[in-house]
Trainee: 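I am attaching a structure below and will ask some questions about it afterwards.
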Amino acid sequence: MSTESSLDDRFTKVAETDEIDQGDGIAVDVNGIEVAVFNVSGEFYAISNVCAHQCAPLDKAGEQKINADDTWTDTRGGVNEDACTVSCPWHLWEWDLETGEHEASGKHIGTFDVEVAGGDVYVGI
């Protein structure tokens, strides 16, 4: 993440910084691409919002269960701020927010540049 204002035409404003709670994420559409933007200890990361395992929406990580009523917790997945990862809410696949890698499988999903300027969050595609 950069805090300098060096924005060019590839960047699109997606939110204000105070709209994304720490440890949480939102889904946005940037030029037709579904992106999840996460706030990790005040740093912002953008990654594909579609888990490569079974296409779950990563922005729903940490919310109330969205798949099975008989799972063992009230919520599924979430952001691990220490590891800078997000776990899928369906099957808990953990994605690195900096690289887009799922270490156990070696699969990758897209990551995108993020800049913060004037309290606004921008994603570059």
Side-chain angles (χ1 to χ4, degrees):
M1 181 201 84
S2 172
T3 57
E4 295 180 20
S5 182
S6 59
L7 300 176
D8 59 38
D9 291 344
R10 350 177 261 126
F11 285 89
T12 301
K13 178 183 173 186
V14 296
E16 295 178 8
T17 55
D18 62 1
E19 292 178 319
I20 308 172
D21 293 333
Q22 185 171 323
D24 203 2
I26 62 168
V28 295
D29 180 289
V30 181
N31 300 330
I33 298 171
E34 191 175 342
V35 176
V37 180
F38 292 95
N39 177 347
V40 179
S41 302
E43 301 281 328
F44 293 85
Y45 297 88
I47 192 166
S48 171
N49 194 36
V50 180
C51 179
H53 178 228
Q54 289 189 348
C55 301
L58 294 177
D59 72 298
K60 301 295 184 186
E63 292 185 8
Q64 282 193 325
K65 298 181 280 204
I66 60 173
N67 56 342
D69 288 332
D70 60 349
T71 56
W72 61 94
T73 60
D74 289 337
T75 61
R76 294 285 287 173
V79 174
N80 179 330
E81 292 186 277
D82 292 331
C84 198
T85 60
V86 62
S87 295
C88 176
W90 287 2
H91 301 107
L92 303 178
W93 279 40
E94 189 171 53
W95 298 96
D96 186 300
L97 290 170
E98 294 176 317
T99 66
E101 181 181 14
H102 175 255
E103 189 175 324
S105 71
K107 290 187 177 189
H108 286 83
I109 58 176
T111 59
F112 307 96
D113 293 334
V114 177
E115 290 207 24
V116 176
D120 294 328
V121 180
Y122 296 84
V123 172
I125 300 287

Trainee: Assess whether atom CD of Gln54 is packed by more than 12 heavy atoms of other residues, nucleotides or ligands within 6.0 Å.
Mentor: yes
Trainee: Taking the side chain as C-beta and beyond, is there a heavy-atom pair between Asp96 and Cys84 under 4.5 Å?
Mentor: no
Trainee: I need the minimum non-hydrogen distance between Val40 and Glu81, along with the two atoms involved.
Mentor: C-OE2, 3.5 Å
Trainee: Enter the distance from Lys107:NZ to Glu101:CD here, rounded to the nearest 0.5 Å.
Mentor: 13.0 Å
Trainee: Quick one: ring-ring contact (aromatic ring centres under 6.0 Å, His included) partners of His108, sequence neighbours excluded?
Mentor: none
Trainee: Could you see if Val121 belongs to whatever hydrophobic cluster contains Ile125? Use Ile, Leu, Val, Met, Phe, Trp, Tyr and a side-chain cutoff under 4.5 Å.
Mentor: yes
Trainee: Looking at Gly77 and Leu92, what are the two nearest heavy atoms and their distance?
Mentor: N-CD2, 3.3 Å
Trainee: Is there a side-chain contact between Asp113 and Phe11 in this structure, where contact means two heavy atoms from C-beta onward sitting under 4.5 Å apart?
Mentor: yes
Trainee: Supply the atom-to-atom distance Phe112 CZ to Arg10 CZ, rounded to the nearest 0.5 angstrom.
Mentor: 11.5 Å
Trainee: Can you tell me how the ring of Trp93 sits relative to the ring of His102, calling it parallel under 30°, perpendicular over 60° and tilted otherwise?
Mentor: parallel
Trainee: Same cluster or not: are Val123 and Phe44 linked, directly or through other Ile, Leu, Val, Met, Phe, Trp or Tyr residues, by side-chain heavy atoms under 4.5 angstrom apart?
Mentor: yes
Trainee: Could you tell me the separation between the OG1 atom of Thr12 and the CG atom of Asp120, rounded to the nearest 0.5 Å?
Mentor: 12.5 Å
Trainee: Using the rule that Ile, Leu, Val, Met, Phe, Trp and Tyr join whenever any side-chain heavy atoms are under 4.5 Å apart, tell me whether Ile109 and Val79 fall into a single cluster.
Mentor: yes
Trainee: Is there side-chain contact between Lys60 and Trp90, with at least one heavy-atom pair below 4.5 Å?
Mentor: no
Trainee: Look up atom CD in Glu115 and atom CG in Asp8, then write down how far apart they are to the nearest 0.5 Å.
Mentor: 7.5 Å
Trainee: Got a second to check how far Asn39's CG is from Glu19's CD, nearest 0.5 Å?
Mentor: 12.0 Å
Trainee: Could you go through residues 26-35 and list every donor-acceptor pair under 3.5 Å that involves a side-chain atom there, pairing it with any protein atom two or more places apart or in another chain?
Mentor:
unit_1: Asp29; atom_1: OD1; unit_2: Gly32; atom_2: N; d: 3.0
unit_1: Glu34; atom_1: OE2; unit_2: Asn49; atom_2: ND2; d: 2.8

Trainee: Please find the pair of heavy atoms, one from Ser48 and one from Leu58, that lie closest to each other, and give the distance.
Mentor: O-CD1, 3.4 Å
Trainee: Is there a donor-acceptor pair under 3.5 Å between the side chain of Asn80 and the backbone N or O of Ala83?
Mentor: yes
Trainee: Work out which heavy atom in Ala61 is nearest to a heavy atom in Val86; give both atom names and the distance.
Mentor: CB-CG2, 3.6 Å
Trainee: Which heavy atom of Tyr45 sits nearest a heavy atom of Glu98, and at what distance?
Mentor: CE2-CG, 3.5 Å
Trainee: Locate the shortest heavy-atom distance separating Pro57 from Pro89; write the atom from each residue and the value.
Mentor: O-CG, 3.5 Å
